[in-house]
Engineer: 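Okay, handing you the structure first.
Labels below follow one simple rule: chain letters A, B, ... track the order of the sequence lines, proteins then strands, and each chain is numbered from 1.
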Amino acid sequence: MAQIALTLPDGNSRHYDAGITAGEVAADISKSLGKKAISATVNGAHFDLAWPIEADADIAIHTMADEEQANELVRHDLAHIMARAVQEIWPDTKVTIGPVIKDGWYYDFDRKESFTPEDLGAIEKKMKEIINKRDPVRTEVWDRARAIKHYEDLGEGYKVELIEAIPGDEPLRMYWHGDWQDLCRGPHLQHTGQVPSDAFKLMSIAGAYWRGDSDRAMLQRIYGVAFTGKEKLRAHLNMLEEAAKRDHRKLGREMDLFHMQEEAPGQVFWHPNGWYIYTELQDYMRRQQRKGGYVEVNTPQVVDRKLWEASGHWEKYQENMFIVEVDEEHAREKAVNALKPMNCPCHVQIFNQGMKSYRDLPLRMAEFGSCNRYEPSGALHGIMRVRGFTQDDGHIFCREDQIEEETAIYIEFLRGIYKDLGFENFKVKFSDRPETRSGSDEVWDKAEEALLSATRKAGIEPEMNPGEGAFYGPKLEFVLTDAIGRDWQCGTHQVDFVLPERLDATYVGSDGGKHRPVMLHRATLGSFERFIGILIEEHAGKLPFWLAPRQVVVASITSEADDYVMEVVETLKAAGVRAEADMRNEKINYKVREHSVGKVPVILAVGAREVEEKTVSVRRLGQKQTSVQPLSDVARDLAVEATPPDLRN
RNA sequence: GCUGUAGUAGCUCAGUGGUAGAGCGCGUCAUUGGUAAUGACGAGGUCGGGAGUUCAAUCCUCCCCUACAGCACCA
């Protein structure tokens, strides 16, 4: 029999017969490792202890102490155990797929009756029974025909379809958890008892389309979370509870920032406090854009469908547009308009006025553009995904050879702004051509290459998002996450060769001939609505002082201090600080609590002593200790903090 | 849009086939207090909307609206 050399992480090599399993290697190294081993990494691949190793390789044996591998195995085995539990309780249920995801797993089932939240308890109980049985996990390799026949006989049509969709001709791995069998690429643990029975929890039931296709069957998905130990599960559940407190919908109410109501789904009623944030941000962005060489414009809300037909949006997005029909009495035909769902076609109209020369390029055009989109009801989410919103939109008209430079300039522009707003780290995703698109493949080749190369030159290696581009061009997405870790695209930068063509934008080149400009679509915050939502969750409501809607409350301790309270408020206002007085007949404890809950960053308490000394007692949000300082010093310091970062020296 | 869950006072929630309750908030009065809730009293609800069953519906049935979780979508 052939001999193979396996190299351990410490550099030592051991020699074995080919076909030895990682489990046997572990046992050979030491008896205790043989017992504790759960899996192995063989040449970078995660191996089941039962799989044969056929050639020389680097090998590392894993135990439960290896968090990454242990979590994967525990979660993956739990997916199987849950599917088994469900089929034991409801044998008419069809199984489909059940992958490991962040913090846990899910499994999709097809069953006539719906699972109820109460069922989760029953499933959990059954799962614990299976774990306690310590059933062996067994693996066999079958050829495809046999596997297909097997599933056809069982009536598991989804499994048959899965096998048929797996490319190539390789044999398939079949797993058994006790008597229960599933098609699976593995790896797995050796018996169900290795899964901690107290470190998982079934979280929720939701619908999910088979193969992610909304034209196909709606399955029932059960989500679970799992860890290697009880403490880690508890910590995770605790984290979720904390994250729920940062939810912008909750804080929006508590801080009196905005509300939404049935009559205007997906649209925001901004209250005075929220509008402070909004306008502060807008003022900031306007300054940044002026500094960045943009000209600001403004375009109509209601625009004839002809323009949307010309741009291609009518064809692709008609069902997501608010249609405004005007039936003018003497008009020959009814005018059909749409509320502007985006600004690009309007910006091209401005570009098209008059004759542009290559000397005008790059032309950076910006608009705080209010848009309305009829988003599907299920997509709405607080102020993060809405039907009425305002983008900090901009379009850069430039020559092809300016794409890279403009992209590089833009990435730096965005970076500086995100940094000012407290986002040092953000994801960058690159989305290339989607299936349905405008423009020739040559044009797409050019656009994708230019965008990607500029991004890489900016020192960013984006995450690839194949097929997710806009219909007119590839895009870069700048992604921020909410309190519970969901991704939200905020900034974007897109190359577009198509729209200038469709809307016939031209400029006169140095050769005197007409040329087609390239259009770069870009938004930094994305929309004020979404960005403010993210901002609230990121800071848990404790916004940077300059963005805080209520910056200072001056609270009297006794009514003797009322006159002085007003003096302090006036002094602060004169210094450019948003200050308000609280002279209610309440105890200082009460006032401190109320304004702390309201996330006011600074509370200044004044009583007899402060009146006497012309001082204030300063209390910062989240801090317990206070300090007594001269009013003039405090006014000076807060004036600096109240200044937006781009205006400070 | 799809699957599931939910909608009772401004907020968080309890409750019942015989037209509703708590805490907080709000108002009035008393209290002038030193850094996360002073006390007493009081005012708030056609129980998301519509239809049906019933002597009687906030509660049961159906339809609709909205929200939440996930899926699909996201110019």
Engineer: Using 4.0 Å as the upper bound for N to carboxylate O, is an ion pair formed by A/R385 and A/E375?
Structural biologist: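 Yes, A/E375 and A/R385 are salt-bridged.
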Engineer: Taking only the P atom of each, what is the distance from B/G10 to B/U5 in whole angstrom?
Structural biologist: 28 Å
Engineer: For B/A75, is there a stacking contact with A/Y317, counting only centres under 5.5 Å and planes under 30°?
Structural biologist: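 So A/Y317 counts as stacking on the base.
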Engineer: Between A/W308 and A/E315, do the side chains contain an N or O donor and an N or O acceptor separated by less than 3.5 Å?
Structural biologist: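 Their side chains do not contain a donor-acceptor pair, so the 3.5 Å distance test is not met.
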Engineer: Mind checking if A/Y223 touches a base, just sugar-phosphate, or nothing, with heavy atoms under 4.0 Å?
Structural biologist: sugar-phosphate
Engineer: For B/G39, does the O4'-C1'-N9-C4 or O4'-C1'-N1-C2 angle fall within 90° of 0, making it syn, or is it anti?
Structural biologist: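 Anti, which is what one calls it when the glycosidic angle falls more than 90° from 0.
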Engineer: May I ask you to check whether A/Q349 and A/T299 show a side-chain donor-acceptor distance below 3.5 Å?
Structural biologist: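 There is no such pair (donor and acceptor under 3.5 Å, judged by atom type) between the side chains of A/Q349 and A/T299.
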Engineer: May I ask you to verify whether the side chain of A/R221 and the base of B/C71 hold a donor-acceptor pair under 3.5 Å?
Structural biologist: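 By the distance-only test, no, there is no pair.
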Engineer: Assess the side chains of A/S617 and A/E610: does a donor N or O sit below 3.5 Å from an acceptor N or O?
Structural biologist: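 Short answer, no.
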Engineer: Determine the contact category for A/N320: base if any of its heavy atoms lies under 4.0 Å from a base atom, sugar-phosphate if only primed atoms, P, OP1 or OP2 are that close, otherwise nothing.
Structural biologist: base
Engineer: For the ring pair A/H80 and A/Y107, is the centre-to-centre distance below 6.0 Å?
Structural biologist: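 No - the distance between ring centres of A/H80 and A/Y107 does not fall below the 6.0 Å cut-off.
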Engineer: Hey, where does RNA chain B pair up into stems, meaning at least three consecutive Watson-Crick or G-U pairs with distances under 3.5 Å?
Structural biologist: B:1-7 with B:65-71, B:10-13 with B:21-24, B:26-30 with B:38-42, B:48-52 with B:60-64
Engineer: Just by distance, with hydrogens left out, do A/Y294 and A/R522 show a side-chain donor and acceptor under 3.5 Å apart?
Structural biologist: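 Side-chain D/A pair, A/Y294 to A/R522: present.
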Engineer: Angle between ring planes, A/F478 versus A/F426, binned at 30° and 60°: parallel, tilted or perpendicular?
Structural biologist: perpendicular
Engineer: What does A/A470 touch in the nucleic acid at a heavy-atom separation under 4.0 angstrom: a base, only the sugar-phosphate, or nothing?
Structural biologist: sugar-phosphate
Engineer: Under 4.0 Å between a side-chain N or O of A/R619 and OP1 or OP2 of B/G34?
Structural biologist: no
Engineer: For RNA chain B, which residues of residues 342-352 of chain A approach it to below 4.0 angstrom with any heavy atom?
Structural biologist: A/M342
Engineer: Closer than 4.0 Å, any side-chain N/O of A/H381 to the OP1 or OP2 of B/G70?
Structural biologist: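 A/H381 to B/G70 OP1/OP2: no side-chain N or O under 4.0 Å.
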Engineer: Of the nucleotides B/G70, B/A75, B/A72, which one has an atom closest to the side chain of A/A206?
Structural biologist: B/G70
Engineer: Between B/C71 and A/R216, counting only base atoms on the nucleotide and side-chain atoms on the residue, is there a donor-acceptor pair under 3.5 Å?
Structural biologist: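 No, the side chain and the base share no sub-3.5 Å donor-acceptor pair.
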Engineer: Give the minimum heavy-atom separation between A/I484 and A/A243, together with the two atoms involved.
Structural biologist: CG2-CB, 3.5 Å
Engineer: Can a donor-acceptor pair under 3.5 Å be found between the side-chain atoms of A/Y209 and the base atoms of B/G1?
Structural biologist: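 Per atom types, the contact qualifies.
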Engineer: Can you pull out the residues from residues 558-565 of chain A that lie within a 4.0 Å heavy-atom distance of RNA chain B?
Structural biologist: A/T558, A/S559
Engineer: A/E586 near the nucleic acid: base, sugar-phosphate alone, or nothing, with a heavy-atom cut-off under 4.0 Å?
Structural biologist: base
Engineer: With heavy atoms under 4.0 Å as the rule, sort A/R620 into base, sugar-phosphate or nothing.
Structural biologist: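 Contact class for A/R620: none.
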Engineer: Just wondering, are more than 12 heavy atoms of other shown residues or ligands nearer than 6.0 Å to CD in A/E612?
Structural biologist: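 No, not enclosed.
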Engineer: Any side-chain N or O of A/S114 less than 4.0 Å from the OP1 or OP2 oxygen of B/G4?
Structural biologist: yes
Engineer: Taking the P atom of each, how far is B/A36 from B/G18, in whole Å?
Structural biologist: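 That atom pair is separated by 47 Å.
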Engineer: Tell me what A/R253 touches on the nucleic acid: a base, only sugar-phosphate, or nothing, going by heavy atoms under 4.0 Å.
Structural biologist: sugar-phosphate
Engineer: Would you give me the side-chain donor-acceptor pairs under 3.5 Å for residues 93-105 of chain A, sequence neighbours excluded?
Structural biologist:
{"unit_1": "A/T93", "atom_1": "OG1", "unit_2": "A/W90", "atom_2": "O", "d": "2.8"}
{"unit_1": "A/T96", "atom_1": "OG1", "unit_2": "A/D108", "atom_2": "O", "d": "2.5"}

Engineer: In this structure, how many angstroms lie between the C1' atom of B/A37 and the NZ atom of A/K587, rounded?
Structural biologist: 10 Å
Engineer: Compute the centroid of each ring, for A/F115 and then for A/F109, and state whether the two points are separated by less than 6.0 Å.
Structural biologist: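 Yes - the distance between ring centres of A/F115 and A/F109 falls below the 6.0 Å cut-off.
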Engineer: How close do A/H248 and A/H381 get, counting heavy atoms only, and between which atoms?
Structural biologist: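 Here A/H248 and A/H381 meet closest at CE1-CD2, 4.2 Å.
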Engineer: What contact category does A/E113 fall into here, base, sugar-phosphate, or nothing, at under 4.0 angstrom with non-hydrogen atoms?
Structural biologist: nothing
Engineer: The side chain of A/P376 lies closest to which of these nucleotides: B/G70, B/C73, B/G33?
Structural biologist: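 Side chain of A/P376 sits closest to B/C73.
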Engineer: Restricting to non-hydrogen atoms, name the atom on A/D392 and the atom on A/G526 that form the minimum distance, rounded to 0.1 Å.
Structural biologist: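 So the two residues come closest at OD1-N, 2.9 Å.
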Engineer: Mind checking A/G212 for me? I need base, sugar-phosphate or nothing, with any heavy atom below 4.0 Å counting as a touch.
Structural biologist: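 Sugar-phosphate, backbone atoms only, no base.
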Engineer: For the CD atom on A/E435, are there more than 12 heavy atoms of other groups (residues, nucleotides or ligands in this structure) within a distance under 6.0 Å?
Structural biologist: no
Engineer: In whole Å, what separates the C1' atom of B/G45 from that of B/G39?
Structural biologist: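 The answer is 27 Å between these two C1' atoms.
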Engineer: With a non-hydrogen cut-off below 4.0 angstrom, is A/Y472 in contact with a base, only sugar-phosphate, or nothing?
Structural biologist: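 Answer is sugar-phosphate: A/Y472 comes under 4.0 Å of backbone atoms only.
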Engineer: Quick one: which of A/E463, A/E477, A/E468 gives a side-chain hydrogen bond (donor to acceptor under 3.5 Å, both in side chains) with A/S431?
Structural biologist: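 So, applying the side-chain hydrogen bond (donor to acceptor under 3.5 Å, both in side chains) to A/S431 and each of A/E463, A/E477, A/E468, only A/E477 qualifies.
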Engineer: From the options A/I603, A/V606, A/V628, select the one residue that forms a side-chain contact (heavy atoms from CB on, under 4.5 Å) with A/V616.
Structural biologist: A/V606
Engineer: Quick one: which of B/G34, B/A37, B/G70 gets closest to the side chain of A/R593?
Structural biologist: B/A37
Engineer: Distance check: side-chain N/O of A/R211 vs OP1/OP2 of B/C71, anything under 4.0 Å?
Structural biologist: no
Engineer: Using the P atom in both, what is the distance from B/G21 to B/G17, to the nearest Å?
Structural biologist: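 Result for the P pair: 16 Å, nearest Å.
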Engineer: For nucleotides B/U16 and B/G4, find the distance between their C1' atoms and express it as a whole number of Å.
Structural biologist: 27 Å
Engineer: Looking only at heavy atoms, what is the nearest atom pair of A/E586 and A/K591, with distance?
Structural biologist: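 Taking A/E586 first and A/K591 second, the nearest heavy atoms are O-CE, 3.5 Å.
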Engineer: Between A/S204 and A/R530, just flag the one whose closest nucleotide in RNA chain B comes earlier from the 5' side.
Structural biologist: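 Final value for this comparison: A/S204.
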Engineer: Tell me what A/K475 touches on the nucleic acid: a base, only sugar-phosphate, or nothing, going by heavy atoms under 4.0 Å.
Structural biologist: sugar-phosphate
Engineer: Which value, in whole Å, describes the distance between the C1' atoms of nucleotides B/U3 and B/C73?
Structural biologist: 16 Å
Engineer: For the C1' atoms, the ones on B/G1 and on B/G42, what distance do you get once it is rounded to whole angstrom?
Structural biologist: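 These two C1' atoms come out 49 Å apart once rounded.
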Engineer: When the C1' atoms of B/A43 and B/C29 are considered, how many whole Å apart are they?
Structural biologist: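 So the two C1' atoms sit 15 Å from each other.
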Engineer: Specify the closest pair of heavy atoms between A/L503 and A/P345, including all atoms of both residues, with the distance to one decimal.
Structural biologist: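 A/L503 and A/P345 have their closest heavy atoms at CD1-CA, 3.7 Å.
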Engineer: Report yes if at least one side-chain N or O of A/Y590 is closer than 4.0 Å to OP1 or OP2 of B/G25; otherwise report no.
Structural biologist: yes
Engineer: Do any side-chain nitrogens or oxygens of A/K624 fall under 4.0 Å of OP1 or OP2 in B/A36?
Structural biologist: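 Looking at the OP1 and OP2 atoms of B/A36, one of them is under 4.0 Å from a side-chain N or O of A/K624.
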Engineer: Looking only at heavy atoms, what is the nearest atom pair of A/I383 and A/F258, with distance?
Structural biologist: CG2-CE1, 3.5 Å
Engineer: Between the protein and nucleotides 39-45 of chain B, which nitrogen or oxygen pairs are less than 3.5 angstrom apart?
Structural biologist:
none

Engineer: Over all strands shown, is A/A555 touching base, sugar-phosphate only, or nothing at heavy-atom distances under 4.0 angstrom?
Structural biologist: nothing
Engineer: Using the rule side-chain hydrogen bond (donor to acceptor under 3.5 Å, both in side chains), only one of A/Q289, A/H395, A/E406 pairs with A/R364; which is it?
Structural biologist: A/E406
Engineer: With the criterion being N/O to N/O and under 3.5 Å, what pairs connect the protein with nucleotides 64-67 of chain B, and how long is each?
Structural biologist:
{"unit_1": "B/C65", "atom_1": "O2'", "unit_2": "A/E262", "atom_2": "OE1", "d": "3.4"}

